[in-house]
Each structure stands twice: as C-alpha cells, then as structure tokens.
Amino acid sequence: MEEEKPAPPQQTQHKGFLEELMGDVFNLDRGLPGTIWGMIKTPGEVIDAYFTDRGKYVTPLRYCIFILAVTTFITVRFVDYDAMMKNAMELGAGDSLEDMVSQLNELVPSFDWSAYFQSINEITVSLVQKFNQALYLVLLAPMFAMFSRLFFKKKKSRFVEHYVLMVYSLTTFSIFSLFMLPAMKMMENTDTPLIFFLGIPLMLGFLLWAMIKYLGLKGFLEYLQAIIALVLGYILYSIAQTILIYVGAYLMVVL
C-alpha cells in the first residue's frame, strides 16, 4: 500500500513594494479622499485610527509619500526654484549674488565661493524637489513632535503619537499650499523678503488647529503652549536645515 504523500506547502503571496505602498490609497471610503476629508473635518479621528483601527485610513507613511509626490510634481511645473532660491540669497545679502561672490573672493581668495553658493542652491532645490518626503519625515515632523510631546506629555505620552500627528497634518497642509502657487511664483523676482515667510504662519496655524483637535487642548494657556511648541519646533528645524545645507555645500566644494 502506497504511502500518502504530504501536500506541498502553499507559498504565501507577498505583496510587491508598490502594491504594499499604495494599498487602499484610491479607496473612496478609506483611501486618500477619506483621509484628506477626515484631516479637514476630524483630524483626531484619523490620527487615533492609526493606533486603534489600522486600515480605516491611509497610513501616515503612504499618505506623506503619495501626497508630497503629487504636490511637488505640480509646484515644479509652475515655480522656478532655482530663480527663487537665487533671489532669496540676494535679498538676504542685500546685494546681487555676483557682487557678493566678488567681495568674498577678495577676502578669502583660496576658496571657490561661486561653486559654494551654487552648491547651496543645488542642495536647497534638491531638498524641495527630490527629497521633500524625507525632509518631512526625518527632519520637519520630528522637530515639531519633540516639542509637542515636551509640552503635552500628559495628553499623549508617546513620541510616536505626536509624530504621527505632525506627519498627517504637515502632509495635509501641503495640499492647501497649492493655492499659494501665485505667491510662490512671485518669489522668483520679488523685492520684498517678507513674502518668503508668507506660508509659515499659515502652516503653524493649521498645525495648531490639528493639535487642538487631537490633543483636546482647551483654554488660553494650552493654546499659548501649543504656539510656543510649534515656534520652537520650526526654529530648531530651520537651524538644522541650514546646517545641513551649508555643511553639505562646503563638502561638495572641498571634496
């Protein structure tokens, strides 16, 4: 009598990276439309669902990567970031970039200042156009989350809760920032440096609203603490980004 052969083990069907990343992004109920509307209407529900009901909304990683890819694709079609960054540097120096380079060459002739400022421009534009998602996930959101947890640890004790709050909120704000394209276009030639700071109070205002909804903030004192936390987070982010850009540019020149 022949022995019955065991059935071969069934292979588990693993999703590909793209399929895993996209998931239910285009599901009308729980995909991008539902997540975007949820972040506008009830952000606390969307953020809480990440920890309690996975699958109800797009996860923060998918949300950030997809939305920023779309918004970046749109903005680079309308805005000349090279011209905008060059104009920003000239406004900061109070003179034309060529004159500033000439003056620096006289002071320190051994250093290639022209290549240095060109590298600064290249890194800054690359961060905006190619590494926007990494900038949000690795630098911007953690800075805000750190101070949010510092001020409101009793509301949400874990850093990851504040981090997810910031990733969802910053990504959602990037959608609304598309309405600022005319102002961004003006930055290519504007003589008013204040226009470069136009989006900052709008972004901080949206983050404040999301914090109020998710953390359940009430009263003037807690609102003030949230504003301070956001301002400190943005200052620290600006410092870290500046160091990253200027050190990176220096290394590109000397190496």
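Just the heavy atoms: all of them, side chains too, but no hydrogens, waters or symmetry mates, feed the values below.
Annotation: cation-pi geometry not satisfied between R149 and F144 (NZ/CZ under 6.0 angstrom from ring centroid, within 45° of ring axis).
Side-chain contact between Y63 and T172 is present, with heavy atoms from C-beta onward closer than 4.5 Å. With contacts defined as side-chain heavy-atom distances shorter than 4.5 Å, the pair T171/P60 does not qualify. Using a 4.5 Å cut-off on side-chain heavy atoms (C-beta onward), K56 and Y50 make no contact. Side chains of M211 and F152 form a contact here, defined as non-hydrogen atoms less than 4.5 Å apart.
Between D48 and K213, none of the side-chain N atoms (NZ, or NE/NH1/NH2) sits under 4.0 Å from a carboxylate O, so this pair counts as no salt bridge.
Judged purely by distance below 3.5 Å, without hydrogens or angles, the side chains of Y57 and E45 pair a donor atom with an acceptor atom. Side chains of Y81 and T124: no donor on one and acceptor on the other come within 3.5 Å.
Atom CD1 of residue I212 and atom CD of residue E222 lie 9.5 Å apart, to the nearest 0.5 angstrom.
Here the shortest heavy-atom pairing between F73 and R77 reads CE1-NH2, 2.8 Å.
Residues that satisfy the ring-ring contact (aromatic ring centres under 6.0 Å, His included) test with Y214, not counting sequence neighbours, are absent from this structure.
Linking ILVMFWY residues whenever their side-chain heavy atoms come closer than 4.5 Å, directly or via other members, leaves L221 and L208 in distinct clusters.
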In residues 234-247, what donor-acceptor pairs under 3.5 Å come from side-chain atoms, sequence neighbours left out?
unit_1	atom_1	unit_2	atom_2	d
Y237	OH	Q241	NE2	3.1
S238	OG	Y234	O	2.9
T242	OG1	S238	O	2.7

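F111 and Y116 have perpendicular rings, their planes meeting at more than 60° on a 0 to 90° scale where under 30° would count as parallel. The aromatic rings of F206 and W209 sit tilted relative to each other, their planes meeting at an angle between 30° and 60°.
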